[in-house]
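Worksheet: one structure, shown below.
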Amino acid sequence: MADLASRISKPEEGAAPQVDDPTEGANSVGIVENAYDVEVKLADLQNDAESPLFSVQSFEQLGLPKAINDGLLAMNFKKPSKIQERALPLMISDPPTNMIAQSQSGTGKTAAFVLTCLARVDLAKPQQPQALLLAPSRELARQIQGVVQTIGQFCENLIVQAAIPGEVSRETGVRASIVVGTPGTVMDLIRRRQFDVSQLKLLVIDEADNMLDQQGLGEQCVRVKTLLPKTIQILLFSATFPDNVHRFAQQFAPKANEIKLRHTELTVKGISQMYMDCPDEGKKYDVLCKLYGLMTIGSSVIFVRTRESANEIQRRMEADGHKVSALHGAFEGQNRDALLDDFRSGRSKVLITTNVLARGIDVSSVSMVINYDIPMKGPDAGMPDYETYLHRIGRTGRFGRVGVSISFVYDRRSYEALSDIANHYGIDLVQLSPDDWDLTEKKVQDVIKSSRARPDYAPNALGN
Ligand SMILES: Nc1ncnc2c1ncn2[C@@H]1O[C@H](COP(=O)(O)OP(=O)(O)OP(=O)(O)O)[C@@H](O)[C@H]1O
């Protein structure tokens, strides 16, 4: 059995600075970013050869059309990240070749595939669907749609449409060059002949390991693919590709170029991973409330296992005088959109959610992620869910920022599950104790607060 105690370490001395929000104004579909971030330099990170944000080239050298480069400038993207620099030339070259690409959370995978879509669509046919992007949640599909619209803002005639529940009118159907959707809705639209897929050139699947997992969305994605042109270029992206799904991904996207990472390269070192030893399950709630002050230094996401517990914790915390919101799949679409927009803008700062938001969601102000329940999978939720752990904590520490994750353990089972996860990724977890609150606060604040004042930060290298 892995031993958490043996993996206890001191919090990192000082911590990394936050960067300016590079996506400011990026989300034109009703998404406003929080103004919490403070000014520091991304350049230091992007010049470190060991960082996943490093590149030798500029965007101009990647040979993209001018309108696209203008969009990148408007987003304030100065240099590509490693995944953008490595994957883009392979994806935009002719003849089109499939791609399976892995890169750590928050390292710019979205822009990598969005740029490819923009480079490939023929804007002389703006209403003809040419690129289809699939994502596992409505929130992620909307977010990607926002990124396409922002980077593509100077591409004349570009039309981008979301194929998510409630967004496509029955009368008009899909009329856009780039379509971003969830697999179930996309499948329905194709079946009802509201979505002409005959001229699609590109299929992108984000969070591909989750999307192709045969226990989950895999079947739907496979069915969608059977309806698409046989020559379509397929791009699969994720921060995680467990071996079994990876093998399936290779069948799904034959002869693909591949960019892969080792297990131990997967964690983002800007995220200080901690765990809280709670006395018992009942006390988890009290500990959570005590953390509230730290949660609101920036913004925070609390992950729980079920929708019911998300509702229940929100109810109790509000009754106890804390301002928190909850978002999960039981809510109606527009309500979900409004809740996430409030969180992005900083109108709400603490969001309780389920795995529905574990993947892909990019809110740069998130400085803390709490695993109220350790993510588990398999029959009877008996196995630690390594991938979900990584995606959940990856909601903080975006593109060179720092953040803290705190996982709650309270019994042998949760302790062992977290130990397994720590061993799987070779991570050292910092222990927090509810009995010494001053020390706990100091450990967390050392990361979140000092991070804003250290321009000389050298990034923690990945993959060495
Ligand atoms: N070249 C760049 N320069 C500056 N910022 C960038 C660059 N590329 C991407 N970003 C920003 O980095 C953040 C993270 O990017 P993105 O959401 O694409 O990460 P990701 O790799 O898809 O993460 P995840 O695995 O969590 O989905 C975004 O806010 C994005 O705007």
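When a ligand or atom number is given, it counts from 1 through the structure's own listing order.
Using a 4.0 Å heavy-atom cutoff, Ser364 is absent from the residues neighbouring ligand 1. Look at Phe59 and you'll find a heavy atom under 4.0 Å from some atom of ligand 1. Residue contact annotation: Gln104 has a non-hydrogen atom under 4.0 Å from ligand 1.
Ligand 1 has a nitrogen or oxygen under 3.5 angstrom from a nitrogen or oxygen of Thr107. Between Arg398 and ligand 1, at least one N/O pair is under 3.5 Å apart. The distance criterion of under 3.5 Å between nitrogen or oxygen atoms is not met by Asn76 with respect to ligand 1. Ligand 1 has no N or O atom lying under 3.5 Å from any N or O atom of Ala111, backbone or side chain. In terms of polar-atom proximity, Asp362 is counted as a contact of ligand 1, with an N or O under 3.5 Å from an N or O of the ligand. Ligand 1 has a nitrogen or oxygen under 3.5 angstrom from a nitrogen or oxygen of Thr110.
A 6.0 Å sphere centred on CZ of Arg120 holds more than 12 heavy atoms belonging to other residues, nucleotides or ligands.
Ligand-side atoms of ligand 1 in range of Lys79: 1 (N), 2 (C), 3 (N), range being under 4.0 angstrom from any heavy atom. Listed by atom number, the atoms of ligand 1 under 4.0 Å from Glu207 heavy atoms are 27 (O). Numbered from 1 in the order shown, with element, the atoms of ligand 1 that lie under 4.0 Å from a heavy atom of Arg395 read 26 (O).
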- prompt: Between Phe59 and Lys79, is a side chain to side chain contact (heavy atoms under 4.5 Å, CB included) present by the stated rule, with each step listed?
  reply: CA-CA 6 Å; Phe59 278 114; Lys79 276 181 78 178; 5.6 Å; no

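The aromatic rings of His263 and His424 sit tilted, their planes meeting at an angle between 30° and 60°.
Atom CD1 of Ile164 and atom CZ of Arg142 lie 6.5 Å apart (nearest 0.5 Å).
Cation-pi contact between Lys284 and Tyr372: present, with separation from the ring centre below 6.0 Å and deviation from the ring axis of at most 45°. Under a cutoff of 6.0 Å and an axis angle of 45°, Lys225 and Phe252 form a cation-pi pair.
Not counting sequence neighbours, the partners of Phe331 by the ring-ring contact (aromatic ring centres under 6.0 Å, His included) test are His328.
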If you look only at distance, which donor and acceptor atoms sit under 3.5 Å apart when one is on a side chain in residues 302-310 and the other is two or more places apart or in another chain?
| residue | atom | partner | partner atom | Å |
| --- | --- | --- | --- | --- |
| Thr306 | OG1 | Ser309 | N | 3.0 |
| Thr306 | OG1 | Ser309 | OG | 2.9 |
| Ser309 | OG | Thr306 | O | 3.2 |

